[in-house]
Amino acid sequence: MSFFSWLANGLGTLIGVVTDVVSTVVDTVRSVYDTFVGKGGAVKDVAAEQSRKKQDRLREVNDEIMHLRNRGMSGGGLSDQERRRWNTLREEREELKGTLHQAKEVKAAEKILDSESVLQKVEVDLETTHVLQYNAFADTLGKTCTCGRQMKLQWRRDLSVAGPSDFYWGCTGWYVPIGQGKACNRTEPLQRSDYGLMTDTSAPEFSVTAEEFGVILEDPGTANIVVTRVNDLRSDLAARKRGVELATCPVHGEHMVLRKKGNPSGLLDTYFLACPHWQPHDQGCTFIEKLKSGSQLAALLKAETGRGIL
Ligand SMILES: [Zn+2]
Ligand SMILES: [Zn+2]
C-alpha cells in the first residue's frame with residue numbers, strides 16, 4: 001500500500017505538490033491512512049516497535065552478509081552452501097527493507113496529519129533553496145531510478161548558496177562500486193513540480209532567506225554553538241549505539257551514523273552521515289551523506305533534539 005501519490009520524506013514533507021492545495025493533499029493522505037488502519041496495518045507505537053525489531057534483524061543479516069563477503073574476498077571463495085546462504089540472506093534483506101520502507105511511509109503520513117495546521121506550500125526559488133536543502137538529506141520516499149534504486153536530491157556542493165537550478169536527482173547506485181565504476185550514475189533534472197513542497201514552515205530557519213541563513217552561519221559565534229550541539233548529539237547517539245532516524249543506507253537499510261572528519265576546513269566540512277558498514281578508505285559501504293549545508297545540520301538537530309539552529 002502506497003500512502004502518497006507525491007514524493008515524501010521522513011520529515012513529513014511532500015515534494016511535487018505544486019498544483020495541489022494543502023487541504024486536498026492532507027485529505028488524500030488521511031483517507032489512505034484510515035484505509036490502512038481499517039485493514040489492521042500497524043501504526044504509531046506498534047509500527048515503531050515492529051520497525052525496531054526489523055532493524056535489529058537487518059543488522060544481523062548485514063553483519064552475516066559482510067562476514068561472508070570478507071571470507072569470499074580473502075581468497076578461496078565461498079562453498080556452495082555458503083553461496084546459498086548468501087543468496088537467502090540477500091533476499092531476506094530486501095524483504096526487511098521493503099517492510100521498513102512501508103513503516104517509513106506510515107510515519108511520514110502521521111507527521112503530515114499531525115502538522116496539518118502548520119503545513120504550507122513553498123515554491124522553491126532563489127530565496128528558499130535552503131528549504132529544499134533542509135529536506136534533501138532525509139530519505140526521499142517514492143523517487144526511483146530506471147535501475148530500481150532510490151534516487152536522492154543532490155546539488156552542486158561547491159557553492160555557498162545553491163540556486164534552484166543547481167539541484168538534481170542522483171541515483172544512489174552512484175555509491176555502489178562495481179569494478180572501477182559505479183553501479184549507476186544516472187541523474188535527472190528536477191521537474192517543475194519538484195519545486196513545489198508542502199512542509200512545516202514553522203522552523204525559524206525558514207523565516208530568513210537562503211542567503212541570510214548562509215550569512216548567519218558564517219558568524220564564528222553561531223558556528224561554535226552549532227559545533228557544540230552537533231558534538232553533543234554525536235556523543236549521545238554513540239552512547240546509545242544509535243544512528244539518526246532521518247536517513248538510512250539505500251543498500252543496507254540501516255540508520256546512518258553521525259561522524260566527524262579528522263581535519264575539517266570549517267563547520268560545513270566537519271560532519272557527515274555514514275552507513276554503519278562504512279569504513280575509512282572505501283573498505284566498507286561507501287554510502288555517505290556530507291552535511292555541507294546549514295539546512296541539513298538544522299534539519300538533523302531539529303529531528304533529533306527538537307530544536308534547529310536558529
Ligand atoms: Zn540508477
Ligand atoms: Zn550501507
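In each ligand, atom 1 is the first atom listed, and ligand 1 is the first ligand listed. For reference, positions follow the sequence shown, starting with 1.
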Sequence neighbours excluded and cut-off under 3.5 Å, please list the side-chain donor-acceptor pairs for residues 4-16, or say none.
residue : atom : partner : partner atom : Å
W6      : NE1  : D20     : OD2          : 3.3
N9      : OD1  : L11     : N            : 2.7
N9      : OD1  : G12     : N            : 3.4
N9      : OD1  : T13     : N            : 3.3
N9      : ND2  : N135    : O            : 3.2
N9      : ND2  : N135    : OD1          : 3.2
T13     : OG1  : N135    : OD1          : 2.6
T13     : OG1  : T199    : OG1          : 2.8

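- At a cut-off of 3.5 Å, with distance as the only test, no side-chain donor of T228 or N231 sits close to an acceptor on the other residue.
- A salt bridge does not link E110 to K44: none of the charged side-chain nitrogens sits closer than 4.0 Å to a carboxylate oxygen.
- Between H252 and H277, the angle of the ring planes lies from 30° to 60°, which puts this pair in the tilted group.
- In the model, Q296 has no side-chain atom that pairs as donor or acceptor with a side-chain atom of Y271 under 3.5 Å.
- Counting only distance, with no hydrogens or angles, the side chain of R229 and the backbone of R307 share a donor-acceptor pair below 3.5 Å.
- The aromatic rings of Y175 and F287 sit perpendicular, their planes meeting at an angle over 60°, well past the 30° parallel limit.
- With waters left out, the protein N, O or S atoms under 2.8 Å from the Zn ion (ligand 2) add up to 4.
- A perpendicular orientation is assigned to the rings of Y134 and F206, their planes being inclined by more than 60° (bins at 30° and 60°).
- W278 belongs to a hydrophobic cluster whose remaining members, ordered by chain and number, are F272, I288; membership requires side-chain heavy atoms of ILVMFWY residues under 4.5 Å apart, directly or through intermediates.
- Protein atoms of type N, O or S found under 2.8 Å from the Zn ion (ligand 1) total 4.
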